[in-house]
Q: 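I have a structure here, written as structure tokens, and I will follow up with some questions on it.
Order of the sequence lines sets the chain letters (A, B, ...), proteins ahead of strands, with each chain counted from 1.
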Amino acid sequence: MSETAIEIHDLTMAYREKPVLWDIDVEIPKGSLCAVVGPNGAGKSTLLGCVLGTHKPSNGWIKIFDVPSDRSDELIGFVPQRESVDWDFPVQVLDVVMMGTYRRLGWFRWPGKAQRDWAMECLSAVGMAELHSRQIGELSGGQQQRVFIARALAQDAKIILMDEPFAGVDAATEETIRTVLADLKKDDRTVVIVHHDLQTIEDYFDHVLLLNLRLVAAGPTKTTFTRENLLRTYGGQLTLLDEAAEAVRRIRSGRSIRKSGDR
Amino acid sequence: MQPNTLVVLLGTTTLGLCCGLVGSLLLLRKRALLADALAHSTLPGIVLGFLIAGSQSYWALGLGALLTTLVAAVLVSRLPILTRIRQDSATASILGIFFGAGIALLSIAQRSGPGAFSAGLDHFLLGQAAGMLQSEAITLTLSATVVSLIMILLHKELLVSCFDSSFGKGIGMSMGRIDLLVMLILAVTIVISLPAVGVVLTAALIVIPPATARFWTDRFNRLLTISGMLGAIAGAAGTLLSSFKVDLPTGPVIVICAATLFSISLVVAPHKGLLGKRLRWIQRKQRREMQRILIFLHENLHAGNDFVARERILAGSLNASSSALRLCILSGYTEMAGTHVRLTTEGIRRAERSISARNRWIQWLDSEAEIDRNLIDLDEEDIEKLLDRKSMEIPPVDKGATS
Amino acid sequence: MIDILMNPAMLDILLVAILAAVTCSIVGVHLTLRNRAMLGDAIAHGVVPGLILGFIFTGSREVAPMFIGAVIAALILSLIADWLKERAEMDGGAALGVVFTTLFSGGIILIELYTREIDLDASCVLHGLIEFTHFQRMELFGWSLPRSIVTISIALLLNLGALLLFWKEWKVCAFDPSLARSTGLPVRLLERGLLVLVAITSVSCFEAVGSILVVAMIAVPPTIAGILCDRFGSMIVVSALTGLISAVAGTLSAVYVVDSNVPGMIALTSGFLLGTAVLLAPQRGILPVAFRLYMWRLRVAREDLLADSLQLSESDERLTTPNLISTTGFAWIQLVIVGFIRDGKPRGKGKRIAKTLLRKRSLWQRFASERLGLPPDHLEGPAHRIEHHLDESLMVMLEEEEQTGKSNPETGS
């Protein structure tokens, strides 16, 4: 197998005592287009947050290109969920893309012409150069996604995480985003995407990561994206885990402290 | 003009600048009303400062106020995280509790024997800009300079923290520190504004200028600049106005100036103003109407009728408005011949353009393309603009559809 | 206590405070559920020009015109704020802030221009005249009653009436306006009606008890109710009760303990109640949650100690005493005190608990490795902790899984 971009070992994430992710052990090879699939509340977004470094895992570690993630200088691009962005915010397309250069600029310094040109270049890479002075709310769904992809490019991110870019977009936009994804893959970037639509997985992605609190399976789509793996991800087998997690939640809220108390 | 007016003018102008700058950060975090809550929560601090220091010194009262304001700020921002109290309830509750506590303390302080707290509640609520001391004006100027400097130096960190703080965390900016800094600037701004304009009007100066500036720009840096400038203008104008008519209190006049600027912007701002929106709507409607007339005439031309009776355009199935017809004539697309109307050569060209654009649009809509609510009513210029870009994204489907 | 009840002036103050607090608390629940708690504060400031204009137009200090002026100002305030939010696409908070501060400034300028000669000072609006309740009386049905008690009672009755009448409609509107609209409810009208109610309530309380009390009572008791309750009905009741308690405790402490301002002390009391609720609410309070977590950890530690000692005792070894200053240590002490562990070996009931846990552990481990496919090195750590959560029903499920797994080994693969 080729070089590993993201290596996650024994990752556990718990809010208070309730586990959100359990013992995730996975390697995502460089240059792959990887889908993270699983039912609601399976911890998909949390996993992205851990890789990005916005969530601190309770257990385990993550390595980015063989460097522990908290010491890694590697920039990870992130395309947020559409609902989590304030589209009325007074920024123009180019301003958003220039945010990608902030890390390298450091404190206090203003972005200059070099950053501007670089941001424009990244914008043209996703075919959005002529819209650079639009306010972000004036764009269509697919264009909005591409702006954030351009921001990731401006970070020169080798790894790009996307949270449901295909949610609520129509066929044409989906096609556009796919083209951009294909370009990213051509550049040998690693893209990890939280995805909901099971029907398109086989067409769009070469890797999948099936998740339901714990890792069900991960690997190349052809061998991993099988019916039984899906059943294990979505099916009744895991109700027990859910029950257990629910029991923890109940204890937190104190409703069944009698029931599960010392016998 | 009295010499003191100059001092006051300097003070209120820089105060407006300061409030405008800080306010835009609050506006962008959708926390505008926090300013009001924090301004009210200075009261217990002021009274405590007086009770502890035993005098009405500027610094004792100021420090006390700063302290309770910061406590209130921490509570308002932490309560929604620690419990399931919502942001708005937390703000309102903290406001009510702190101000109530302040009132209770005040009535104790006012009874506490000789040297009792003489600064009445009125001064605290409304401020006394006219009585501003030189030292206060200098403090205000200094603070405004510091705040502006922070905004200039940290503008990109502030932008990220307002727009997308998880991105900021992801690229290693410490968002917690930035938030703390913003709270600190806000608290200091409120405290130094109190003697001049009082509680409610401080909140006004923090809320109104950024809301006004938002009508004028879609960019972060410009929002900050315009908001600061509007605050300064309101401060200066209010001071000058009230100095002409001496019995008017300065603070409220400043706020009324700011509100006037707001109302003007609300109406006339080119992009977001109501007038602009209305005009664009009318213009768009007119253009669509013209397009309908031209297409109608063009169809008739094909059927062999060069001339169409004016009544057939204004009534019947077309039922177009006469002003649109007049506009067609004025633009040189049609000409009148007695009671009949005819397309000019330019009109024919224009009509053909409309028809082809419309056909392409219909075709594109058929191709399951995304249908954006805002884009349904379009004229040919919009369509051409749109489709030139989109046609690169969408494979043409015309041949497949006909075969 | 007796002398309080004997003193008619004091009794009136108490009564007014209670009525006002309860009324505002009930209205506040609606606002809190709609994320509009700040409206109370906005109205408190925004009514000033209405009051003054009412006074200027009639030239009298009669209550009626000022009341009407204030209610109209409150309505205008909320309508303009809503309009700005919808039409000018402003942030709701900013729109409210712009409007109420402007109205307030306008009011102050009006005072300066027209009403210099009379004393309508700001502190009067803020404090209200609660101390003079007893002395402003009116005749009603031949009885002489304090005026503010009558007005606030009317507001309270109006509130209760409207609440009962539109109970489910307002509930739906607060919870899901689009659902309400789709079921054909006149959402806009209902919300406007609510605004009118809020305006009337707050204005009728201003004169009697001052605006601070109104601002605090609209915001704080509903917030407390929000922490304690999950249902609309119970929220209303708890909010009203909290308002009542704050009013009684605040008034009494203001008059008999610290000799301070009554509305201020009521607000402060409600603040203490809020703090108490945040810290101690049985379900979501910060301390009970932490306590439950700690108790849970203790139980896990106890069970683990018992299980470990049982396993060790099978090979005739004994568990060594853990570091006593730790959760495990505390669990150890507990076990030794109740006699579940003696000499590092489980005894009596302790043995039974240990056996149950070991059975759970083996069931769970087999389930986790065979059915969930967890690799063996993952059975430690968090996966291991699950075994403590398995209660009887889960055990039955596990055993059933075990059975079906054995009888039909093909399902998993």
Q: Using a 4.5 angstrom heavy-atom cutoff, name the option from B:R214, B:H40, B:R31 with the most pairs to chain C.
A: B:H40

Q: Considering non-hydrogen atoms only, spot the tightest contact between B:A104 and C:N261 and give its length.
A: CA-CB, 4.3 Å

Q: Select one option (side chain, backbone, both, neither) describing which atoms of C:D91 are under 4.5 Å from chain B's heavy atoms.
A: side chain

Q: Please flag which part of B:L95 lies under 4.5 Å from any non-hydrogen atom of chain C: side chain, backbone, both or neither.
A: side chain

Q: Would you find a donor on one side and an acceptor on the other, under 3.5 Å apart, between the side chain of C:T101 and the backbone of B:A204?
A: no

Q: Can you tell if the side chain of C:L113 reaches within under 4.5 Å of the side chain of B:L248, non-hydrogen atoms only?
A: yes

Q: Examine whether an atom of C:N35 lies under 4.5 Å from a heavy atom of chain B, and if so say whether it belongs to the side chain, the backbone or both; otherwise answer neither.
A: both

Q: So what's closer than 4.5 Å to chain C heavy atoms on B:L79: side chain, backbone, both or neither?
A: side chain

Q: Please report the closest heavy-atom contact between B:V207 and C:A94, naming both atoms and the distance.
A: CG1-O, 3.6 Å

Q: To the nearest 0.5 Å, how far apart are CD1 in C:I212 and CD1 in B:I103?
A: 4.0 Å

Q: Please determine, among C:G106, C:G264, C:G250, C:G285, the option with the most heavy-atom pairs under 4.5 Å with chain B.
A: C:G264

Q: Using non-hydrogen atoms and a 4.5 Å limit, figure out which bit of C:F100 sits close to chain B: side chain, backbone, both or neither.
A: side chain

Q: Most heavy-atom pairs under 4.5 angstrom with chain C, which of B:P210, B:G273, B:A101, B:A258?
A: B:A101

Q: Under 4.5 Å from any heavy atom of chain B, what part of C:L84 do you find: side chain, backbone, both or neither?
A: side chain

Q: Going by heavy atoms in the side chains, are B:I208 and C:T102 under 4.5 Å from each other?
A: yes

Q: More than 12 heavy atoms of other residues, nucleotides or ligands under 6.0 Å from CZ of B:R280: yes or no?
A: yes

Q: Less than 4.5 Å to any heavy atom of chain C: does that hold for the side chain of B:R84, its backbone, both, or neither?
A: side chain

Q: What's the spacing between B:T212 OG1 and C:M90 CE if we round to 0.5 Å?
A: 7.5 Å

Q: Identify which part of C:I227 has an atom lying under 4.5 Å from any heavy atom of chain B, answering side chain, backbone, both or neither.
A: both

Q: Work out which heavy atom in B:P252 is nearest to a heavy atom in C:I109; give both atom names and the distance.
A: CB-CG1, 3.6 Å

Q: Given the rule in the side chain to side chain contact (heavy atoms under 4.5 Å, CB included) test, do B:I85 and C:V278 qualify, once you have shown the distances and angles that lead to the verdict?
A: CA-CA 9 Å; B:I85 300 175; C:V278 165; 4.0 Å; yes

Q: Does B:F262 form a side chain to side chain contact (heavy atoms under 4.5 Å, CB included) with C:V98? I'd like the steps, not just the answer.
A: CA-CA 9 Å; B:F262 173 84; C:V98 169; 3.8 Å; yes

Q: Using non-hydrogen atoms and a 4.5 Å limit, figure out which bit of C:M38 sits close to chain B: side chain, backbone, both or neither.
A: both

Q: Using a cut-off of under 4.5 Å on heavy-atom pairs, state which of C:L96, C:V220, C:V215, C:L268 scores highest against chain B.
A: C:V220

Q: With a 4.5 angstrom heavy-atom cut-off, which part of C:L103 approaches chain B: side chain, backbone, both or neither?
A: neither

Q: Mind listing the closest non-hydrogen atom pair of C:G271 and B:I97 along with its distance?
A: CA-CD1, 3.3 Å

Q: Would you say the side-chain atoms of B:K272 pair up with the backbone N or O of C:E89, donor to acceptor, closer than 3.5 Å?
A: no

Q: List the atom of B:S89, the atom of C:T223, and the distance in Å for their closest heavy-atom pair.
A: CB-OG1, 3.6 Å

Q: Check whether B:F98 gets within reach of chain C through its side chain, its backbone, both or neither, counting any heavy atom under 4.5 Å.
A: neither

Q: Quick one: what part of B:T83 sits under 4.5 Å from any heavy atom of chain C, side chain, backbone, both or neither?
A: side chain

Q: Checking heavy atoms, do the side chain of B:L33, its backbone, both or neither come under 4.5 Å from chain C?
A: both

Q: Write down the atom of B:R86, the atom of C:T32, and the distance for their closest heavy-atom approach.
A: NH1-O, 4.0 Å

